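Please read all numbers here as calculations on a predicted model, not as lab measurements. Atoms considered below: every heavy atom in the structure, side chains included; atoms not considered: hydrogens, waters and symmetry mates. All chains are named by letter (A, B, ...) in the order of the sequence lines, taking the proteins before the strands, and each is independently numbered beginning at 1.
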4 protein chains.
Amino acid sequence: MPRSPEQNRAIREKRKKQIYEAALGVYRERGYYGAEMGAIARRAGLGRGLIYYYFKDKQDLFISLIRFTLLHWKERLDDILLSGEPVADRLELIMKSFYSLSHAFPDISYFHQTVSRDVKVLFPERESEVYELYEQYILKPVRMLMKEGVDRGEISIPPELGERFFFRLLFEAVHHENMIEEKELDQWVKTALYGLVNHKKNDSQSVDDTPIEGTTKTKC
Amino acid sequence: MPRSPEQNRAIREKRKKQIYEAALGVYRERGYYGAEMGAIARRAGLGRGLIYYYFKDKQDLFISLIRFTLLHWKERLDDILLSGEPVADRLELIMKSFYSLSHAFPDISYFHQTVSRDVKVLFPERESEVYELYEQYILKPVRMLMKEGVDRGEISIPPELGERFFFRLLFEAVHHENMIEEKELDQWVKTALYGLVNHKKNDSQSVDDTPIEGTTKTKC
Amino acid sequence: MPRSPEQNRAIREKRKKQIYEAALGVYRERGYYGAEMGAIARRAGLGRGLIYYYFKDKQDLFISLIRFTLLHWKERLDDILLSGEPVADRLELIMKSFYSLSHAFPDISYFHQTVSRDVKVLFPERESEVYELYEQYILKPVRMLMKEGVDRGEISIPPELGERFFFRLLFEAVHHENMIEEKELDQWVKTALYGLVNHKKNDSQSVDDTPIEGTTKTKC
Amino acid sequence: MPRSPEQNRAIREKRKKQIYEAALGVYRERGYYGAEMGAIARRAGLGRGLIYYYFKDKQDLFISLIRFTLLHWKERLDDILLSGEPVADRLELIMKSFYSLSHAFPDISYFHQTVSRDVKVLFPERESEVYELYEQYILKPVRMLMKEGVDRGEISIPPELGERFFFRLLFEAVHHENMIEEKELDQWVKTALYGLVNHKKNDSQSVDDTPIEGTTKTKC
DNA sequence: TATGAATGAGAGTTCATTCAT
DNA sequence: GATGAATGAACTCTCATTCAT
C-alpha cells in the first residue's frame, strides 16, 4: 500500500510549506543564527530529521525560502507593471501594494528586510545566486519602469539611483516594528515622489523653489 | 616598581581601541556571529583572554563599540546642527558629512547599518539601552531639526516621518558595497529634498529644476 | 519507520542511568569541579553533547543525581520507619541499613557526604530546592521518629538535636576511605545510643550495660 | 634606603596574614574553586601578583593556610590535654573550647570542616603531607587521650573509634550555618558522653534499659 | 617588594547534521 | 517518508599564573 507518486508529490508540497511557515516564524523571533533547525521542526510539527529530507542544509532551506517568498511579490509586481499608466502612478501603486502585502505577511516582510542585507555573510558561496533572485524578480522590473519614466521625461534621476531611492523608502515604510500608519502612507508616497521640500507653487513668478535653495550665501 | 596609574590608564585606552578596530574589521567580514572572539583577539594582536579583561562578554564588547563609534558621528552632527542655516541646507550638509565619514570609515558605516537592525535579536535584554544610544546621539537631534523645518514652513511632512525618510536615504547612500558615487551625491540629496518627480509642470519658461540641479557654487 | 514512543522512553531511561553511573564514578575520583562533562560522557560511552540532551547543564545533572540517589535511600528508610518497633531499635536498624547501602554503593555514599555540604556553593540559586529534597526524603522522617522517641520517653534529647547527632554519626560510620569495619558497627551504634562513657557506676551486679555490649545474638 | 632585613621580615609576616585572612573570607563565601586568586588579592588590598611572591601557587597558599590555622587550635588543645583531670572532663573541655573558638573564628571553622574532606581531590599530590598536619596537631593528641581513658576504664570504646566519634560530634556542633546554640551545648556534650538513650538509673529492678534494647525478637 | 596587564590552556555549552530504526 | 537519539566541531568564557615595569 505505498502511496501513489501523486500523493507523494502532494505531501512533499505540503511539508515544504509547513517548514517555510515555521522557518519564517522562528526567524522573525530570533534571526538567522537564533533560528535553530530543531525549533523550526518543532514549530512545523515535524521530526527534526525531516527537514534534511527536503532541504540539503540550513543554508539551502533559507535560500529556498527567499525564492519561495519572492515569487509572491513578483506576481503582484508584474500585474502592476503591465498597466500602461503613468510611471509615477505605477510607482505609487507598487508602494501601496507592497505596503498591504507587508501588512498581510509581516514575517515575510521582516525576513526580506533583514536577510537581504546579510546575504554575503550568511551565504558566502551562493551570494550571486541569491542576488540574482532579487535582481530578476524585483529589482530589474522596477529599474525598467524607472528607465521608462526617464525616457518619457517623467523621472528626473538616473534609473539606477531612482531604483535604490524608491526601494529604500518602500522598505522603510513597511519596516517591522515601525511600519508607517495607513493614513500616513499617502503622504509618504507623495514625499518620495515630490520631495521633502515644500514647492510653493502659486508663487507669482513660478520660480517656485528658489527660496528653498537660495540662502544668503548661496545668493553670493 | 609598578606602572603608574596614568601609564595603566593609557595602556587600557590603547588596548580598547585596538580591540574596537579589530572587532570592526572582523565584523565587516563575517557579521556578528561569524566574528569569533578569538579572531578579534588575533587581529588585535592580543591574547584571547584580554578581551574579557576589558569587556564583560561579546555582547558588552559590541554594545561598547556602538557607543564608541556613535560618538564620532555625534560630534560631527552637533557641529552642523548649531549653524543657523536653513533647515534644508543643514540636512544637505548632514548627508554629505555622513557620506564622507562613511568613506573614511567604511567599517563603522557597515557596522551601524547592520547592527542597528539586529539590536532586538542580538541584545535582547539590553535592547532599550542600545536604542537610547541611537536616539540620543543621532535620531533626536535630527528630529529636532525636522521640527524646526516644519515650524518654519520649510518642511512639508511631519517631523517623525521626515526623520525616517531622511535617515533611510542617508543610509542607502552610504551603503557598503554599493555606496553611491561622489558625483551622484548631489543629485541624490536634491532628490531627497525635492522628490523623484520632475516639476516641469507646464511652466512656460521651463526654469523648473535649475535650482535643483544648480547649486550656489554653480550659480556663482 | 521511526522508533515507537515506548522504545524512545526506554532508551532515554537507560541513557540517564548510564550518565548517572558515570557521573558518580567521576565525581568520586575528582569531585564536582574535577568532574568534567567530557569525562562523564566518555565514561558513559556517549557523545559529549548527549548529556546536554538529557540535562540542561552540569548543575542540572548533579541536582537530578541527588534526587535520583536519594530515592534509593528513601525507600529503604520508609520500610524501616513503618515497623512499630521501639525507637531505639528503629534507629539502630536505620544505621545498619545505611551502612550496608553504603557498602553496596560507595559512590553514592561518597556523593552525598560531600555534595550535601557544598550545596550553597555549588548550586547557589537552587539551594532551597536541594535542601528540600534532603529534608523531605531523609531528614524529616528521622526527625519524626526522634519526636516519637521523645514523646514515648525513649529519647533524652530534643528531636532536632537528636536528628543531627544521629546523622552525623551515621555519615561518619560510612565515611568513604574510612568506613568503619563491619565488626565495629555494633559497638558504634551502641555508643551512639548509650554514650561514650561507661555506666558501670557502682552497680553491684554490673548488669547495667550488658545490653549495650551484648547483643541479642550474644545472649542466645 | 633599602629596608632592613628586620623590616622586610615584618612586612612579609604582615602580608601573609593579610592574605590568609582574605583567603579565609573568600573561601567561606565561594568554596575552593570559587575562591579566585584575584578576589583574594583584592580583598587583601594587594596586587594580584604579590600572592605568588609569598606562595608558590593556589595549592600552596591553601595548604599553608591549613597549617597556619591548625596551629591556633593545637595550642588550645595542648593546654587542655596537660591538665590531669578525668578523661571525660577533658573531652568536655575540648568540645566547649573548640565551640568557643568556632564562635570567634567562624571562617576558620568553616574552612576546616570543608577543606579537610576534600584533601584528596584538592591536593592529590600532597595528600599525605596534609593528613600529617591534621594527624599531628589534632587527631593524635585526642587519640592519646582516648587511649588513656580506655586504660583507666573510663572509656568504653576502642580509642580509634572513640576519636572519630568525638570529632564528628564536635564538628557537627560547630557546623557553620547551623551551629548549635550555646544553651544546647551542655546537653550535646552530655549526649555524646552518655548516649542518646535514657538510663533510667533509679529503676527499682535496675533492669534499666532492657526494655529499650529488648524487643520480642531480641529476647529470642 | 609590588602592581596589574597579559596569556592561554581548558572547561562548559550549543547546534547543525547524521543515522539507526 | 519520518523520527528523534546521537555526535562532535566549534565557540564563548574563566582563571591560575606570568612578567614587564
Could you check whether atom CZ of R30(C) has more than 12 heavy atoms from other residues, nucleotides or ligands sitting under 6.0 Å from it? no

If I take atom CD1 in residue I51(B) and atom P in nucleotide dA6(E), what distance separates them, rounded to the nearest angstrom? 12 Å

Without decimals, in angstroms, what is the distance between K58(B) NZ and dC11(F) C1'? 8 Å

Quick one: list whatever passes ring-ring contact (aromatic ring centres under 6.0 Å, His included) with Y32(D), sequence neighbours left out. F62(D), F123(D)

With a 4.0 Å cut-off, would you call R43(C) and E29(C) a salt bridge? yes

Quick check on dA6(F): is either OP1 or OP2 less than 4.0 Å from any side-chain nitrogen or oxygen of R15(C)? yes

Between P on dA11(E) and OH on Y32(C), what's the gap in Å once rounded to a whole number? 14 Å

Go through DNA chain F and write down every stem, that is, every run of at least three consecutive Watson-Crick or G-U wobble pairs with distances under 3.5 Å, as range with range. E:2-21 with F:2-21

Given dA10(F), dC13(F), dA16(F), identify the nucleotide with an atom nearest to the side chain of R48(B). dC13(F)

Measure all distances between protein nitrogen or oxygen atoms and nitrogen or oxygen atoms of nucleotides 19-21 of chain F, and list the pairs falling under 3.5 Å.
from: dT21(F); atom 1: O2; to: M1(B); atom 2: O; distance (Å): 2.6

Students often mix this up, so state it plainly: with edges at 30° and 60°, are the rings of H112(C) and Y134(C) parallel, tilted or perpendicular? perpendicular

Within a reach of under 6.0 Å around CZ of R126(D), are more than 12 heavy atoms found that belong to other residues, nucleotides or ligands? yes

Verdict with supporting geometry, S128(C) and E132(C), side-chain hydrogen bond (donor to acceptor under 3.5 Å, both in side chains): CA-CA 6 Å; S128(C) 60; E132(C) 188 50 36; over 6 Å; no

Atom NZ of K14(B) to atom P of dG4(E): distance rounded to whole Å? 19 Å

Categorize L46(C) for me: base, sugar-phosphate, or nothing, with a 4.0 angstrom heavy-atom threshold over every strand shown. sugar-phosphate

Is the CZ atom of R28(D) crowded by more than 12 outside heavy atoms at less than 6.0 Å? yes

May I have the distance from F55(B) (atom CZ) to dT14(F) (atom P), rounded to whole angstrom? 15 Å

Polar contact flag, side-chain donor to acceptor under 3.5 angstrom, T114(A)-Y27(A): yes

Check for me whether the distance between the ring centres of F55(B) and Y20(B) falls short of 6.0 Å. yes

Give me the distance, rounded to whole Å, that separates dT21(F) from dT1(E) when you measure between the C1' atoms they each carry. 13 Å

From CD1 of I40(D) across to P of dA2(E) the rounded distance in Å is 17 Å

Selection from dT3(F), dA16(F), dT13(E) that lies nearest to any side-chain heavy atom of M37(C): dT13(E)

Would you call K16(B) and E21(B) a salt bridge, taking side-chain N to carboxylate O under 4.0 Å as the test? no

Using OP1 and OP2 only, check whether a side-chain N or O of N8(D) sits under 4.0 Å from dT1(E). yes

Nearest-nucleotide 5' precedence on DNA chain F, Y54(C) against D57(B): Y54(C)

Here the distance between atom P of dT3(E) and atom CD1 of I19(D), to the nearest Å, is 10 Å

For A35(C), report the nucleic acid contact type (base, sugar-phosphate, nothing); a contact means any heavy atom under 4.0 Å. sugar-phosphate

Y33(A) has an atom OH; how far is it from atom P of dT14(E), in whole Å? 18 Å

Among dA16(F), dT18(E), dT1(E), the nucleotide that comes nearest once only the side chain of E36(D) is considered: dA16(F)

